[in-house]
Amino acid sequence: MQPAENTPLEQETTIDMKDIVALCKRRGFIFQASDIYGGINGFWDYGPLGTELKNNLRDYWWKSMVTTPPIGPDGTPVQIVGLDSAIIQNPEVWVASGHVGGFSDPMVDCRETKKRYRADHLIILIPNDDTPWLATIEDDENFLKARLKKVGKGKSLSDFTQKNLTEVELTDFDKILAPHAKTKGTLTDPKEFNLMFETGIGASQDDKVTAYLRGETAQGIFINYKNVLDSSRVKMPFGIAQVGKAFRNEVNPRNFIFRSREFEQMEMEWFCHPDDSQKWFEFWKSERQKFWQQVGLNQDNILMRDHDADELVFYSQGTCDIEYKYPFTDPDFGELEGIANRGDYDLTKHQEHSKTKLEYLDPERNNEKYIPHVIEPAAGLTRGVLALICEAYTVDPNRPSGVYLNFTPAMAPKKAAILPLTAKEDHVPTAQKLYLELREEFAVDLDIKQNIGKRYARQDEIGTPYCFTIDNETISDGTVTARERNTMAQERIALDNVAAYLRDKIKP
RNA sequence: GCGGGUGUAGCUUAAUGGUAAAGCUCCAGCCUUCCAAGCUGAUUACGAGGGUUCGAUUCCCUUCACCCGCUCCA
């Protein structure tokens, strides 16, 4: 690679995240949380337009899952019902799910080099004499060899016993020479890092019971599986869908709203007979890919990435990430949604811990009793918003705004702007009348101030797909100018047809 | 969490150990018959806290936020 030659090209084609963040703030999509107090790391507020955008994506997901779920392999619509569970549940829920306990990664710090390691990522080479124990980093053979050569005092690998740091007694820590360190005994005791947000239930400080803000919405679905089954006449296979906030005490929030401590998920748990799980896994992979294309993500920016066997969580029988090429991951991709075949892991765990039978008696399979298997398409709503904004962000030096947001009409926060050409004469009353008519059905803006060019530019920047302009011709012949955002092309349509025109354009 | 960088108005940039300046945006008017024109006017800033000093946006310390790299990402 020749940076000197490639740099100018990259500057033209690479979208800078800073510009997107600036536009989001300038136009009221996304603000730093607690902005006037200097902010707070890992939290973001959604402004007027960001909220509309997020709601549009959420509502379309809900429609595609619950209101009009897809047609299944048998030619009839699949069955999915909605749910809205509490953010705080009995703490035992998170013990059963493995979020409390197994969820935490013990970390050790090196007092000398100030580096931090996951305890289970450090391999300790224990010598057969009283020389220092050598800490090396798992899966890094080059480091191990270099380390052995430098501080191994001529020993070879076979002169050592290997142990994971998690298996080493705390009292032996002072014998360990940390990676990169010069003196031994610099590693701290392993510290538990739990990503679950803790809170206390009860107003009195003394009587508080520790509880957790949910780390994912999925568990709320699993623990209501039996309630839903007993109350809503669903039968296998079926899904339960939920949209809501989730919280993770991330070690290092980064990349705008991509990794934040409070975020929003759109999760659906699909319950089915174990024999059918692979079929449904493939079905949902295909459906979910279609969804992201329908809301406007370019196929080229989407990657369906199946996890390798060694990458799979132990209970998963298959996981596929839908990844998006965000500007900050480009040319790589970052997670947008995960589709997992979770087997019967979750329901089995909750059955064990809650001592409540969660088996399904299937009359269509000779009254076979089984714990259903689960396919989980789990999407990040806030990550989806980020992907939509990144996808829409289009630099265009040929227009006054210099940039516009190319949202699909269905996702755009504002569907249209009604613009009287001047603030005088008969334009304003006619525009107001049209606005009052359209707003019953669409999210529309009426903008009267300033000249027409400025108003087009403003609408371009917030991604409004259509502008309808009222001029003298409107008064004389009843037509308006319809201006399309991406092409800036104009056509005249009848005032009476504006609503129908917009309705037709907005169809996903 | 570590290392490096940055922090002056919504944005882009000035100046200064002693009244913080401008352009654009935004807002209010005027003017305007289709893409940020022009005129008039208004609001708005030294991230926060502490220290040194007669006086700190400026020097020092702490802290917060953001960016880059590392680490982490069940």
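Chain identifiers are assigned alphabetically (A, B, ...) following the order of the sequence lines, protein sequences preceding nucleic acid strands; residue numbering begins at 1 within each chain.
- As rounded to the nearest Å, B/G51 and B/C68 have C1' atoms that lie 31 Å from one another.
- Across the P atoms, B/G69 and B/G55 are found 44 Å apart, a figure rounded to whole Å.
- Base pairing annotation: B/A21 forms a Watson-Crick or G-U wobble pair with B/U13, both donor-acceptor distances under 3.5 Å.
- Ring-plane geometry between A/Phe271 and A/Tyr225 is classed as tilted, the angle between the planes lying from 30 to 60 degrees on a 0 to 90 degree scale.
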Pairs under 3.5 angstrom, nitrogen or oxygen only, protein versus nucleotides 5-11 of chain B, please.
none

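- No side-chain donor-acceptor contact under 3.5 Å links A/Gln265 to the backbone of A/Gly244.
- Between B/C67 and B/C35, the two P atoms lie 39 Å apart (nearest whole Å).
- Nearest nucleotide to the A/Trp44 side chain, out of B/C70, B/C66, B/C26: B/C66.
- Under a 3.5 Å cut-off, the side chain of A/Arg455 and the backbone N or O of A/Ala417 do not form any donor-acceptor pair.
- A donor-acceptor distance shorter than 3.5 angstrom exists from the side chain of A/Arg485 to the backbone of A/Leu405, with no hydrogens or angles considered.
- Comparing B/A65, B/G29, B/C2 by their nearest atom to the side chain of A/Gln32 picks out B/A65.
- Computed from coordinates, the A/Asp35 CG to B/C66 C1' distance equals 11 Å when rounded to whole Å.
- When the C1' atom is compared between B/G49 and B/C64, the two are found 10 Å apart, to the nearest whole Å.
- Taking atom CG on A/Asp19 and atom C1' on B/C67, their separation rounds to 13 Å, with Å as the unit.
- Atom CD of A/Glu335 and atom P of B/C72 are 17 Å apart (whole Å).
- Between A/Tyr326 and A/Tyr324, the two ring planes are perpendicular [angle over 60°; tilted spans 30° to 60°].
- For the pair A/Asn255 CG and B/C67 C1', the interatomic distance rounds to 10 Å; values are reported in whole Å.
- Spacing between atom CZ of A/Arg254 and atom C1' of B/C2 amounts to 11 Å, rounded to whole angstrom units.
- Nucleotides B/G10 and B/C70 place their P atoms 34 Å apart, quoted to the nearest Å.
- For A/Gln242 (side chain) and A/Thr217 (main-chain N/O), a donor-acceptor pair under 3.5 Å exists by modelled atom type.
- Note on A/Phe328: nothing from the nucleic acid sits closer than 4.0 angstrom, heavy atoms only.
- A/Asn41 has no side-chain polar atom (N or O) that falls below the 4.0 Å cut-off from OP1 or OP2 of B/C64.
- B/A9 and B/U58 have their P atoms separated by 15 Å, with the value rounded to a whole Å.
- A 3.5 Å limit on both hydrogen-bonding distances identifies B/G5 as the Watson-Crick or G-U partner of B/C66.
- Taking atom P on both nucleotides, B/A42 is separated from B/G5 by 42 Å, rounded to a whole Å.
- Between A/Trp270 and A/Phe281, the gap from one ring centroid to the other reaches at least 6.0 Å.
- Put simply, CD1 on A/Ile462 is 13 Å from P on B/C26, counting in whole angstrom units.
- Looking at heavy-atom distances under 4.0 Å, A/Lys449 makes contact with sugar-phosphate atoms alone, never a base.
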Using a 4.0 Å heavy-atom cut-off, write out nucleotides 34-43 of chain B from 5' to 3' as B (base contacted by protein), S (sugar-phosphate only) or - (no contact). BBBB------
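- In this structure, CZ of A/Phe258 is placed 13 Å from P of B/C67, rounded to the nearest angstrom.
- Look at the C1' atom in both B/A22 and B/A45: the space between them is 13 Å, to the nearest Å.
- A donor-acceptor pair under 3.5 Å is formed between the side chain of A/Asp471 and the backbone N or O of A/Thr474.
- Atom OG1 in A/Thr479 sits 10.0 Å away from atom CD1 in A/Ile470 (nearest 0.5 Å).
- In this entry B/U57 has no Watson-Crick or G-U wobble partner, no candidate having both defining distances under 3.5 Å.
- Rounded to an integer number of Å, the gap from NE2 of A/His427 to P of B/U32 is 13 Å.
- Under a cutoff of 6.0 Å and an axis angle of 45°, A/Arg399 and A/Tyr404 form a cation-pi pair.
- A donor-acceptor distance shorter than 3.5 angstrom exists from the side chain of A/Lys415 to the backbone of A/Pro409, with no hydrogens or angles considered.
- Pair assignment for B/U40: B/A28, on the basis of Watson-Crick or G-U wobble contacts that are both within less than 3.5 Å.
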